[in-house]
A.B. asks: 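Input: one structure, supplied below.
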Amino acid sequence: MECREAVMAVWLMNIGRFCDEGAEGLVRSCRRVLEAFLDTEKLLGILGKEPEYEKMWKLADTAFRMSLWESEDSGKLARGRNLTSVFSRVTVKDQAGPKKMYYSIRKESPQAVFPQEEGSDEGRKKLSAEFMEELQSLEHHLPKSWEDFIVVFDGLLRKYVWCITASDYEGEDISLYNQSRIAGAVAACMLRSRDQESRYFKLAAGDFSGIQNYVFSVANVSEKGVAKRLRARSFYVDVAVSAIAQDIIYRFGLTQNHILMLTGGKFYLLLPNTADSDRLLETIETEIEKSFLSLFKGQIAIHLAWITIGAEGLENYSRSVTEIMRVLGEKKARAFHHSLTDGEGWAEEKFNLYKELSGKHICQSCCRELTDKDRNYCPNCTVQTEIGTRLPRTRYISYYRGEKKGAYHIYGDYWIGLWTEFRRDGAFLTEQINGTSLPDEAKGAPVKIRYMANYIPVDDQGEVMTFQDMAEKARGTKRLAVLKADVDTLGYIFADGLRRGKKHFGTISRVNTMSRFLEIFFSGYVNEILTRDRTYRNVYSVFSGGDDLFLIGPWDVMPGLAERISRDFRDFAAENPALTVSAAVSVFQPREHIANMAELSERSLKYVKNHTIKELYPEKTGRDGVCFMGQLFGWDDLREQLEVGEKLAGLLERKLVSTGALRRIGIYSRMYREFLISHDVMSLMFDPLFYNDRQRTYGDLEKEKEKDKVLKWFLDDYVRDLSENAADLRVVRKNLFFAEAAVAYGLNITKEERG
């Protein structure tokens with residue numbers, strides 16, 4: 001067992017940036033809480049650098065410096081400065097340095113993670129007082145163990161200290177919360193490591209392989225059944241990876257702060273380099289293989305990889321992550337190696353997945369597992385249907401070691417409970433979903449806040465909507481659309497975007513800060529949009545977390561939602577042009593197989609990533625755009641064309657312009673694109689055709705335009721813009737280029753009204 005006092009000392013060493021009392025003052029003020037788990041005199045001795053505890057102080061100081069990694073001593077630190085956005089540091093190639101932006105000092109929430117142009121320490125004293133009051137109140141609600149206390153203490157730091165900078169020097173964009181928890185993990189590893197010279201750590205990573213294939217391989221049996229199993233499978237990805245991460249830190253005897261990242265079907269753990277760490281990780285790896293081979297017959301796998309690193313691996317953590325991803329790639333190429341070989345070659349008997357086929361038939365849901373003939377669904381799909389039914393009402397996810405009544409088995413000895421109310425029933429960890437404050441009855445319990453994009457639309461009777469129900473909510477054409485989006489070049493940004501000249505700023509605390517903020521945006525803020533903005537109340541969140549999302553909803557609102565998310569992400573990322581989002585909005589019939597939706601949406605997203613329209617965007621090679629209605633748009637152009645489409649729809653609804661006239665504009669738009677891109681002179685016919693159409697079709701509308709401002713816009717601005725200099729290759733008419741898509745949008749959102 002490591003010296004808890006040394007570990008806590010390094011957690012607290014920088015707390016004076018937030019609390020006027022400083023580390024020693026905090027210990028004295030909260031002595032009655034801390035002494036339940038620590039020798040407070042020893043802790044004060046380490047913090048006070050007393051000779052008796054010099055060795056522990058030096059270790060804590062080394063761990064602190066490793067977590068922060070400043071290239072020189074920054075001297076005396078000012079108290080209470082608010083955090084600079086880590087995204088302000090990101091640069092790509094020769095791009096000029098982005099402007100610094102700052103977070104307001106307030107409690108953490110999805111709305112709070114949007115930086116402002118000016119920094120201020122206003123509010124620190126009030127927030128610090130609330131933090132101390134809540135910490136002291138634990139005297140009446142003491143956690144049951146050191147491990148529980150770390151969960152509670154970590155939650156308090158996250159709630160109150162996330163917005164404070166860890167340093168006034170290079171670490172100004174590192175959250176004090178992230179730096180403190182990592183410093184504690186570093187100290188614990190150093191105390192246990194067999195290599196007391198340099199290589200103290202094992203960096204371990206887990207990855208759920210084939211997420212999309214697993215989540216979307218649900219047959220189109222009934223709409224309700226599909227929706228339930230879809231959300232259950234997406235949820236299972238998260239909890240399965242989480243259970244394995246919990247198992248590893250438990251076997252190593254570590255606390256929750258050793259989980260560096262846990263999102264998007266991946267985790268990273270910081271473990272000590274002990275004499276038996278490799279053997280233990282190999283044992284866990286084999287157990288994972290056998291478990292998933294038994295449960296899912298090799299359809300899915302969770303791969304585990306690890307590397308040994310020293311101080312330099314924390315300083316250039318980006319390089320460490322790149323290396324461990326390489327090792328993970330090798331593991332994926334040898335999936336189930338331990339389970340399907342016997343030391344001499346393939347164990348052929350292991351490939352016989354079913355020994356008895358009599359009385360069996362294929363599962364009607366996943367079409368991959370066998371089940372008894374008197375059952376429609378295999379055991380996995382049956383459980384997933386039950387989980388999917390409970391998830392919309394779930395507010396708490398509890399993790400148990402050992403079987404628990406009413407809970408679900410996930411992996412090994414790990415079970416999860418899905419509850420509508422908080423309960424103290426032996427869970428070693430409970431996650432409160434999307435709540436920013438814990439209930440009074442949870443005080444002192446190992447509970448943490450978890451942001452989750454789990455919004456599910458319901459009808460007027462409170463019943464969960466089917467895909468058909470969602471399609472019916474669309475204006476005009478009753479169809480669905482999938483919005484698939486992710487952050488561009490994020491791998492490069494983590495690997496090299498934090499470099500300035502020869503200096504690499506991809507340290508463990510900075511990368512951890514960036515990862516956590518991205519998770520808050522995609523899991524927390526995206527859920528806030530769906531929950532609070534009634535425009536998107538009928539959109540279903542399949543998943544959103546890490547750096548990507550997959551949403552399904554009425555087709556007419558999805559392009560606007562894509563543009564909203566892109567615009568908000570730009571604000572979230574400190575208006576840094578190096579950080580962009582690409583998306584695809586793909587329209588489908590409501591009974592389309594979900595797997596086909598996913599595959600076609602992925603193809604469209606890849607198209608956005610790898611293509612551009614040079615005539616419109618000569619500076620781009622791809623990315624930072626969206627595909628909708630079969631057309632590639634820049635984000636500003638999408639917003640403008642959606643506005644155009646809405647105005648055209650209004651003219652159609654009031655019968656001021658005919659559908660035929662708009663369809664012809666679409667044809668002229670297509671001819672113009674052919675002329676612009678291929679320089680086909682025959683396509684120039686659009687110009688005289690359009691001129692003739694204007695003379696014949698719009699002449700009678702001239703006398704009406706003064707009575708209607710939209711009609712006046714159409715005749716005096718829009719149509720004139722479409723035709724002006726359209727045959728001149730030196731001038732690109734964006735409205736004409738995109739007119740076919742804008743017309744299609746307007747026609748489709750009024751189709752129902754037009755019969």
Side-chain angles (χ1 to χ4, degrees), residues 81-106 108-120 122 162-165 170-175 178 485-500 505-506 510-511 513-526 528-529 533 544 546-549 559-583 608-609 612 617 619-626 633-640 642-643:
R81 224 183 107 199
N82 55 339
L83 180 65
T84 302
S85 172
V86 67
F87 300 108
S88 294
R89 187 178 292 277
V90 175
T91 57
V92 174
K93 297 181 180 178
D94 298 327
Q95 175 199 37
K99 63 183 177 182
K100 288 185 179 180
M101 299 186 75
Y102 307 87
Y103 298 101
S104 299
I105 295 183
R106 53 177 170 160
E108 185 194 77
S109 71
Q111 298 83 18
V113 294
F114 285 76
Q116 309 297 320
E117 291 195 9
E118 295 189 10
S120 168
E122 182 180 354
W162 72 275
C163 54
I164 304 297
T165 181
E170 291 173 348
E172 64 179 346
D173 56 340
I174 296 173
S175 168
N178 289 87
D486 64 18
V487 179
D488 295 319
T489 62
L490 193 61
Y492 172 83
I493 287 170
F494 275 115
D496 228 34
L498 294 169
R499 184 187 298 278
R500 292 285 177 87
F505 290 92
R510 184 171 285 107
V511 170
T513 297
M514 186 184 293
S515 297
R516 193 173 67 82
F517 274 61
L518 286 168
E519 176 63 16
I520 294 174
F521 180 87
F522 280 96
S523 291
Y525 183 72
V526 168
E528 291 276 311
I529 294 176
D533 191 331
S544 182
D547 71 315
D548 64 349
L549 56 81
L561 177 57
E563 195 277 328
R564 163 80 182 273
I565 290 172
S566 170
R567 177 164 30 94
D568 289 351
F569 182 80
R570 188 180 304 118
D571 294 338
F572 162 80
E575 301 177 11
N576 189 335
L579 290 142
T580 58
V581 168
S582 292
V608 176
K609 297 278 190 179
T612 189
Y617 313 113
E619 76 286 356
K620 292 173 61 175
T621 58
R623 299 181 289 274
D624 190 20
V626 58
F633 295 87
W635 287 109
D636 291 340
D637 291 326
L638 175 68
R639 181 176 65 255
E640 291 174 7
L642 291 177
E643 293 172 355

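Just so it is clear, the model here is predicted, and its values are computed rather than measured.
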A.B. asks: Not counting sequence neighbours, which residues clear side chain to side chain donor-acceptor pair (under 3.5 Å) with Thr84? List them please.
C.D. replies: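 Partners of Thr84 under the side chain to side chain donor-acceptor pair (under 3.5 Å) test: none.
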
A.B. asks: May I ask you to establish whether Arg89 and Phe505 are in a cation-pi arrangement, using a distance under 6.0 Å from NZ or CZ to the six-membered ring centre and at most 45° from the ring axis?
C.D. replies: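 So Arg89 does make the cation-pi contact.
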
A.B. asks: Output all residues satisfying salt bridge (Lys or Arg N to Asp or Glu O under 4.0 Å) with Glu575, sequence neighbours left out; order by chain, then residue number.
C.D. replies: Lys99

A.B. asks: Can you see which heavy atom on Arg499 is nearest to which on Thr91, and at what distance?
C.D. replies: O-OG1, 3.5 Å

A.B. asks: Would you call Cys163 and Asn82 a side-chain contact if the rule is heavy atoms closer than 4.5 Å?
C.D. replies: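 In short, these two side chains do not touch, never coming nearer than 4.5 Å.
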
A.B. asks: Within the supplied structure, the quantity of interest is the number of heavy atoms (other residues, nucleotides, ligands) at a distance under 6.0 Å from Gln111 CD; does it exceed 12?
C.D. replies: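 Above 12, so yes.
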
A.B. asks: If you round to the nearest 0.5 Å, how far is CG of Asp173 from OG1 of Thr165?
C.D. replies: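 So the OG1 of Thr165 and the CG of Asp173 are separated by 7.0 Å.
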
A.B. asks: Of all heavy-atom pairs between Pro115 and Val113, which one has the smallest distance, and what is that distance?
C.D. replies: CD-O, 3.6 Å

A.B. asks: Search all heavy atoms of Leu498 against all heavy atoms of Val90 and return the closest pair with its distance.
C.D. replies: CD2-CG2, 4.0 Å

A.B. asks: Between atom CG of Leu83 and atom CE of Met101, what is the distance when rounded to the nearest 0.5 Å?
C.D. replies: 12.5 Å

A.B. asks: Which residue is it: Thr489, Asp624, Asp488? I am looking for the one with a side chain to side chain donor-acceptor pair (under 3.5 Å) to Lys609.
C.D. replies: Asp488

A.B. asks: In the structure I gave you, are the side-chain heavy atoms of Arg516 and Glu108 within less than 4.5 Å of one another anywhere?
C.D. replies: yes

A.B. asks: Would you call Phe87 and Ile493 a side-chain contact if the rule is heavy atoms closer than 4.5 Å?
C.D. replies: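 Not touching, per the 4.5 Å side-chain cut-off.
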
A.B. asks: Just say parallel, tilted or perpendicular for the rings of Trp162 and Phe517, cut-offs at 30° and 60°.
C.D. replies: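 Taking Phe517 first and then Trp162, their aromatic rings sit tilted (interplane angle of 30° to 60°).
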
A.B. asks: Looking at side-chain heavy atoms only, is the closest gap between Leu490 and Val487 below 4.5 Å?
C.D. replies: yes

A.B. asks: Any side-chain heavy atom of Phe569 sitting closer than 4.5 Å to one from Val581?
C.D. replies: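 Phe569 reaches Val581 side chain to side chain.
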
A.B. asks: Please find the pair of heavy atoms, one from Thr612 and one from Lys620, that lie closest to each other, and give the distance.
C.D. replies: CG2-O, 3.2 Å

A.B. asks: side-chain contact (heavy atoms from CB on, under 4.5 Å), that's the test. Do Thr580 and Trp635 meet it? Break it down for me.
C.D. replies: CA-CA 10 Å; Thr580 58; Trp635 287 109; 6.0 Å; no

A.B. asks: Is the side chain of Ser566 donor-acceptor paired with the backbone N or O of Ala562 at a distance under 3.5 Å, no angle test?
C.D. replies: no

A.B. asks: Applying salt bridge (Lys or Arg N to Asp or Glu O under 4.0 Å), run through Glu172 and Lys100 and close with a yes or a no.
C.D. replies: CA-CA 10 Å; Glu172 64 179 346; Lys100 288 185 179 180; 2.6 Å; yes

A.B. asks: Which residues satisfy the side chain to side chain donor-acceptor pair (under 3.5 Å) test with Asp637, sequence neighbours excluded?
C.D. replies: Tyr617, Lys734

A.B. asks: Would you check if Ile520 and Phe572 make a side-chain contact, meaning some heavy-atom pair closer than 4.5 Å?
C.D. replies: no

A.B. asks: Atom OG of Ser544 and atom OH of Tyr525: how far apart are they, to the nearest 0.5 Å?
C.D. replies: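 Here the interatomic distance stands at 12.0 Å.
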
A.B. asks: With heavy-atom distances below 4.5 Å as the criterion, would you say the side chains of Met514 and Phe494 are in contact?
C.D. replies: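 Heavy-atom side-chain distance check passes, below 4.5 Å.
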
A.B. asks: Say you draw a straight line from CG of Asp547 to CD of Glu519; how long is it, rounded to the nearest 0.5 Å?
C.D. replies: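 The CD atom of Glu519 is 9.5 Å from CG of Asp547, to the nearest 0.5 Å.
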
A.B. asks: For Gln116, does its backbone N or O pair with a side-chain atom of Glu118 as donor and acceptor, under 3.5 Å?
C.D. replies: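 Not confirmed, Glu118 side chain does not pair with Gln116 backbone.
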
A.B. asks: Check this for me: does any side-chain nitrogen of one of Arg567 and Asp571 sit under 4.0 Å from a carboxylate oxygen of the other?
C.D. replies: no

A.B. asks: Please lay out, stage by stage, how Asn576 and Leu579 fare under the test side-chain contact (heavy atoms from CB on, under 4.5 Å).
C.D. replies: CA-CA 6 Å; Asn576 189 335; Leu579 290 142; 3.9 Å; yes

A.B. asks: Is there side-chain contact between Arg510 and Asn178, with at least one heavy-atom pair below 4.5 Å?
C.D. replies: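 Heavy-atom side-chain distance check fails, nothing below 4.5 Å.
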
A.B. asks: Working to the nearest 0.5 Å, report the span between CD1 of Ile164 and CD1 of Ile174.
C.D. replies: 14.5 Å

A.B. asks: Kindly indicate, with the supporting measurements, whether the criterion side-chain contact (heavy atoms from CB on, under 4.5 Å) is fulfilled by Tyr102 and Glu117.
C.D. replies: CA-CA 6 Å; Tyr102 307 87; Glu117 291 195 9; over 6 Å; no

